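Notes follow the structure.
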Amino acid sequence: MKEAMQGELSSSLAAYRPGWSLPRAFYRDETVYRADLEQIWRKGWLFAGHGCEIRNPGDWLTLQVDTDSIIVIRGEDGAVRALNNVCRHRGSQILPAGSSGSAKRLVCPYHQWTYDTKGALTFCRGMHEFDRSGFSLKRVSCEMVEGLVFISLAETPPPFDSARELMAPFLRPQGFERAKVAKTADYEIHANWKLVWENNRECFHCNVNHPQYIKANWDHYNADDTSAEVRAAMDRAVARSEAKWAAAGLAVSHRETGMTRFPDVDVWYSANRTALVEGWVSESMDGKQVSTLMGAYRDADVGTVRARTLPNFWNHSSCDHGVSTRLLPAGPRKTLARVSWLVHEDAVEGRDYDLGKLMPFWQLTSEQDWAICERQQRGVDSTAYEPGPYSTYKEYNVDAFVRWYVKTLAAGASV
Amino acid sequence: MKEAMQGELSSSLAAYRPGWSLPRAFYRDETVYRADLEQIWRKGWLFAGHGCEIRNPGDWLTLQVDTDSIIVIRGEDGAVRALNNVCRHRGSQILPAGSSGSAKRLVCPYHQWTYDTKGALTFCRGMHEFDRSGFSLKRVSCEMVEGLVFISLAETPPPFDSARELMAPFLRPQGFERAKVAKTADYEIHANWKLVWENNRECFHCNVNHPQYIKANWDHYNADDTSAEVRAAMDRAVARSEAKWAAAGLAVSHRETGMTRFPDVDVWYSANRTALVEGWVSESMDGKQVSTLMGAYRDADVGTVRARTLPNFWNHSSCDHGVSTRLLPAGPRKTLARVSWLVHEDAVEGRDYDLGKLMPFWQLTSEQDWAICERQQRGVDSTAYEPGPYSTYKEYNVDAFVRWYVKTLAAGASV
Amino acid sequence: MKEAMQGELSSSLAAYRPGWSLPRAFYRDETVYRADLEQIWRKGWLFAGHGCEIRNPGDWLTLQVDTDSIIVIRGEDGAVRALNNVCRHRGSQILPAGSSGSAKRLVCPYHQWTYDTKGALTFCRGMHEFDRSGFSLKRVSCEMVEGLVFISLAETPPPFDSARELMAPFLRPQGFERAKVAKTADYEIHANWKLVWENNRECFHCNVNHPQYIKANWDHYNADDTSAEVRAAMDRAVARSEAKWAAAGLAVSHRETGMTRFPDVDVWYSANRTALVEGWVSESMDGKQVSTLMGAYRDADVGTVRARTLPNFWNHSSCDHGVSTRLLPAGPRKTLARVSWLVHEDAVEGRDYDLGKLMPFWQLTSEQDWAICERQQRGVDSTAYEPGPYSTYKEYNVDAFVRWYVKTLAAGASV
């Protein structure tokens, strides 16, 4: 990192006070944004998409991390890999940004340099002799866990195994490998990516902002407002299904009201299963099932599985569908979000599911959240903004996210 | 101010030559714009709106000074105050930017932190114990003069009293406190705010650019072109009404052709009453009255009252209506303007006034000026631009504005 | 050039490796773009337009070089001159950017400062006494060669004579002085101007990207793929017409397959005549003549004349029409292109030519190229981009362009 940039960053870091929201620069300065890219987005693991989106050999999708377009492709050997979408000849983009498709070879449209599905340069008519082996498409690290594809732009990414170990047992019964994406919605959020996460990490705002969400879930209750009645209802919901779930290998891992704690200052991934409100079997508008059962489920009463990884992914899944949200940074005050609805691969629209019933719960929740984030961005843009205190009852996860962020950023920045 | 910024500014200031237009950097550089914000926009008094726009307790409006949204609200005690539109919890914007409305309490839409109309934090469900008294909405200084609301973002604003003393006698008979805003028009001017002022401070450009304006007014004549006939007509216009006006406490304070001198290098406010052309009783397209008489006027023949304050306000008022222009900075090459037409609060559209007759005079004049300013911006953007001489006959006020600007900027910059 | 800027530029230059594409910064950084403007765009000769566009005294056109608008005007004495489009009073733009028209005097719309067609200030009502002779519109150097107008923003431009001497013999028979512009098309290309040139300097990409172009031309063949048949066809095409052309003073100057070599590291201009494919007499979709013969031509079989000057011009002309492309820089990642189709001044649309037949060949070729350039820009934007090798067979001119660029930039930067 350049020296001046580091100086500016250090003074911003020095102004941070644990338990309080971040100083203004973190939400809007180009310098911080560049550091976020270098230390977090280009070092950690990013959710890229679903394996079922590139089911067959040659299937690919692309995603854009700030300036960088990445290809995720299933090779002819069936393995999923990630490659930089930049021709090694003169740097042309090979596949259109944001597109998906299928190909046996990746041919640069400019001078037809041709790469195989592993990225090796196999053909370049018109060139003089040179060692082609040094001109493969640059590789990006790639890992799969139960149908979810993660990539890392780092030269030496952090270990992925511990994340896989923790998440796989929760994700496996959901069966994303035998799923399909029924619908995606793309959003341009005019807010810093950290505001999107702070919003995601508490349900303090749910009562007023997410009327549909709170009907299905418990995580808007906390130590300060979990009445005896709420506590009893939660206990009943867990008790009702516990034996059955345990038998099916679906043990509840979060039986508290309030959101499960995440992240830890050193842990960027988590997953859990928790109960839905009594009478609710799906995160749908009325709690009723909205598609055929997914994966290993034989009964609709499986509560909800949740997984999340920093800095760009969360998923909520019910017995019949899953919803993945992928964030990508596009500037200090702009974040791209893609929300994907997944159902069983054999489910047929119109027969087994109806988008009008599948989508609203998370479409509303997402769009309500983006509006909140943009409003907060406009507020922290003000020179009058100064950090405020996080509620110890309700914003422990926001505080945890910010601690994770500051530690991760500072660790990288001192390298 | 950061050192590098100050160095850049100093060298720009050193290049300034009194009597000539400003060096190029002043009209387009980010560094200068930042200094303008710090030294002028965030230190002086800004016109915010009209008291009649927030007539009742709880009525509020918001305005945007660069990145900062400000609430102007009439408290339940009837007093008008200004508050930063930034929640003290996590910085969300509380009221929508650019909106107006009415409320008994200001409730942040994010987590419902609730403030009273004076900005005190009165409610914050879900928070742990903390000293709420330190978390009022940040106050912005606010002053009223005869129905005009001014704010200052400075910690210690300059005194307002002298401005009030000078302006009040001119404004009082106009009766803005018993007025209403009949219409506002918002403009995005692609020009530096100082070009808008330079344009405002001379009528050298009026002959060709404002055909409607010069029919009503004298200020496009100056020492070099006030013929004996013009002089005589002006004298007649003043003489005709002087006794009557004096009796009504409306003495003419500017009986010269040419614009009244403003600003002085140390004075940022002024007001005066001057005569209209014979036969004209209102700044309307044909000079005829376009609404019911305002304020203390009992006769249409009252000439025209004018007031202006730097850096963002001017008003021209006739017997029957007033027009306020408010500028707000939105970038080195972007200025927002709001033009508001005011009439007597009891005037009824369709009966007492018709927007088609009320608006055109100042709508045309304003839009003609914005086009001029944008054209000048495109010219000073050129590397070929160099400062040119102001006419001592016709641009004395432009020169005075620039001297005021340079002095104000330099004073702050050396702090 | 400022010191920091020079340091940044030096380190970018140090990373350049001859024979390879440029390091990433050259295609997207503001610092490099500023240096390109200073050292290349504001120092060299720029194609501005055609003399026939300003045929009569008082006719003018304007063009925009980054921030600077330039007027090219034919004086009342018939000579063509260039002037900065910036009033010497307060810097207003005088003529609308991108417009053309005719006037006996240039009158600033702001305060009517009036200049004659040579730029002298002749009238400025309302000003005090001052020496007007110092307030002419600033002159821009201007040269004509056979109906093409070139300007230079440099105080001391490089010599133009050698360029005129080389190009005039090729251009003269084309008769641009007795031509008219039948149509112009304006494009905003989202790519650095150097990518547009690199694209222009090779036909390696033609086979796949320009199906219509390769039917008419030979320059997509090179040493590596000019088969005996291609060679023989090329020889036949030249032999067929050589005696006839020589007699008419139209000798072929490039009889090779492959593009004529340009630029040389020290030479920014070139022109040549080469053969079209047998059966083709015009760069039209079917090779047939699409307008009346131009200039000195008495026979359609004249091959094609080509001229190009760095940094902003190329022209391909056939017996019946010419096509000029003018580039102008508008940001690190934005280039404006104007493509103009010229025909004989007496040609009448509908009778002698039809835009539907005149335009497609170069409209398609141009638009195909802009799409390529934008795709390459998106690729080099990636942090994964690194320079790749130019084909010694096919990209010698791209390499030559880059060498010219680096030498020109470095020469200026060390001043």
Side-chain angles (χ1 to χ4, degrees), chain A residues 2-4 30 34 37-38 41-43 62-71 82-99 106-114 119 121 124-132 134-140 151 153-155 330, chain C residues 4 7-8 11 19-24 26-28 30 191-192 194-195 198-199 201-210 220-226 258 333 368-369 371-396 398-399 402:
Chain A
K2 287 184 196 161
E3 217 171 297
E30 184 73 22
R34 291 286 138 210
L37 287 173
E38 279 187 43
W41 289 90
R42 297 198 202 285
K43 287 210 171 141
T62 67
L63 68 154
Q64 184 87 11
V65 183
D66 190 57
T67 54
D68 297 7
S69 177
I70 310 296
I71 301 167
L83 304 164
N84 277 289
N85 188 11
V86 180
C87 184
R88 294 301 304 276
H89 177 212
R90 281 163 58 190
S92 181
Q93 196 164 76
I94 295 173
L95 299 171
S99 66
L106 302 176
V107 183
C108 179
Y110 205 160
H111 307 95
Q112 292 71 56
W113 279 35
T114 300
L121 177 62
C124 54
R125 185 195 69 84
M127 292 299 295
H128 52 276
E129 279 301 309
F130 70 107
D131 180 6
R132 298 179 187 187
F135 291 84
S136 299
L137 292 181
K138 290 192 184 174
R139 284 288 288 275
V140 171
I151 62 169
L153 304 179
E155 276 193 49
Chain C
E8 212 172 316
S11 75
W20 294 63
S21 63
L22 286 161
R24 182 173 179 247
F26 286 96
Y27 298 123
R28 47 179 273 116
E30 184 74 21
N192 185 274
K194 297 186 290 290
L195 293 181
E198 294 187 31
N199 170 264
R201 291 293 74 221
E202 45 92 355
C203 216
F204 191 4
H205 68 274
C206 294
N207 280 344
V208 168
N209 290 284
H210 298 313
H220 55 297
Y221 290 112
N222 284 103
D224 64 317
D225 58 3
T226 300
R333 301 166 77 256
Q368 289 154 352
D369 280 332
I372 286 170
C373 294
E374 295 186 342
R375 205 186 288 135
Q376 190 180 3
Q377 181 70 55
R378 289 195 292 274
V380 299
D381 279 341
S382 174
T383 60
Y385 163 73
E386 63 183 59
Y390 293 129
S391 166
T392 55
Y393 292 126
K394 298 192 166 295
E395 294 172 304
Y396 45 87
V398 185
D399 185 32
V402 170

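As the structure is a computational prediction, the values presented were derived from the model and not from experiment. Each chain gets a letter, A, B and so on, in the order the sequences are listed, and its residues count up from 1. No hydrogens, no waters, no symmetry mates; every other heavy atom, side chains included, goes into these values.
- Contact between C/Ala384 and A/Asp68 at its shortest, heavy atoms only, is N-OD2, 4.2 Å.
- Both the backbone and the side chain of C/Tyr390 come within less than 4.5 Å of a heavy atom of chain A.
- For the options A/Met127, A/Arg88, A/Gln64, A/Arg90, heavy-atom pairs under 4.5 Å to chain C are most numerous at A/Arg90.
- Between A/Tyr110 and C/Asn209 the shortest heavy-atom distance is O-ND2, 3.2 Å.
- There is no contact between C/Asn222 and chain A, counting heavy-atom distances below 4.5 Å.
- One distance of note links CZ of C/Arg375 with SG of A/Cys108; it measures 7.5 Å at 0.5 Å rounding.
- Between C/Pro389 and A/Phe135, the closest side-chain pair of non-hydrogen atoms falls below 4.5 Å.
- Closest heavy-atom contact between C/Arg28 and A/Thr67: NH2-CG2, 3.9 Å.
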(message) Please determine whether side chain to side chain contact (heavy atoms under 4.5 Å, CB included) holds for the pair A/Gln112 and C/His205, giving the CA-CA distance in whole Å, both sets of side-chain angles, and the decisive distance to 0.1 Å.
(response) CA-CA 8 Å; A/Gln112 292 71 56; C/His205 68 274; over 6 Å; no

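- Smallest separation of non-hydrogen atoms from C/Ser391 and A/Gly126: OG-O, 2.6 Å.
- The part of A/Arg42 that comes within reach of chain C is its side chain, from C-beta onward, which places non-hydrogen atoms under 4.5 angstrom from that chain.
- Taking the six-membered ring for Trp and the full ring otherwise, C/Phe204 and A/His89 have centroids separated by under 6.0 Å.
- Ranked by non-hydrogen atom pairs under 4.5 Å with chain A, the options C/Val380, C/Thr392, C/Leu22, C/Val208 are led by C/Thr392.
- Under the rule for a side-chain contact (heavy atoms from CB on, under 4.5 Å), the partners of A/Arg132 that lie at least two apart in sequence or sit in another chain are A/Leu121, A/Cys124, A/Phe130.
- Residues C/Lys394 and A/His128 have side chains not in contact (no heavy-atom distance under 4.5 Å, counting atoms from C-beta outward).
- Looking at C/Glu198, the atoms closer than 4.5 Å to chain A (heavy atoms on both sides) sit in the backbone and in the side chain alike.
- Interface check for chain A: of the options C/Asp381, C/Ile372, C/Thr383, the most heavy-atom pairs under 4.5 Å are formed by C/Thr383.
- Using a 4.5 Å cut-off between heavy atoms, C/Glu374 makes no contact with chain A at all.
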(request) Take C/Ser382 and A/Asn84 through the side chain to side chain contact (heavy atoms under 4.5 Å, CB included) test and state the conclusion after the steps. (result) CA-CA 9 Å; C/Ser382 174; A/Asn84 277 289; 4.3 Å; yes

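- With rounding to the nearest 0.5 angstrom, the NZ atom of A/Lys138 is 3.5 Å from the CD atom of C/Glu386.
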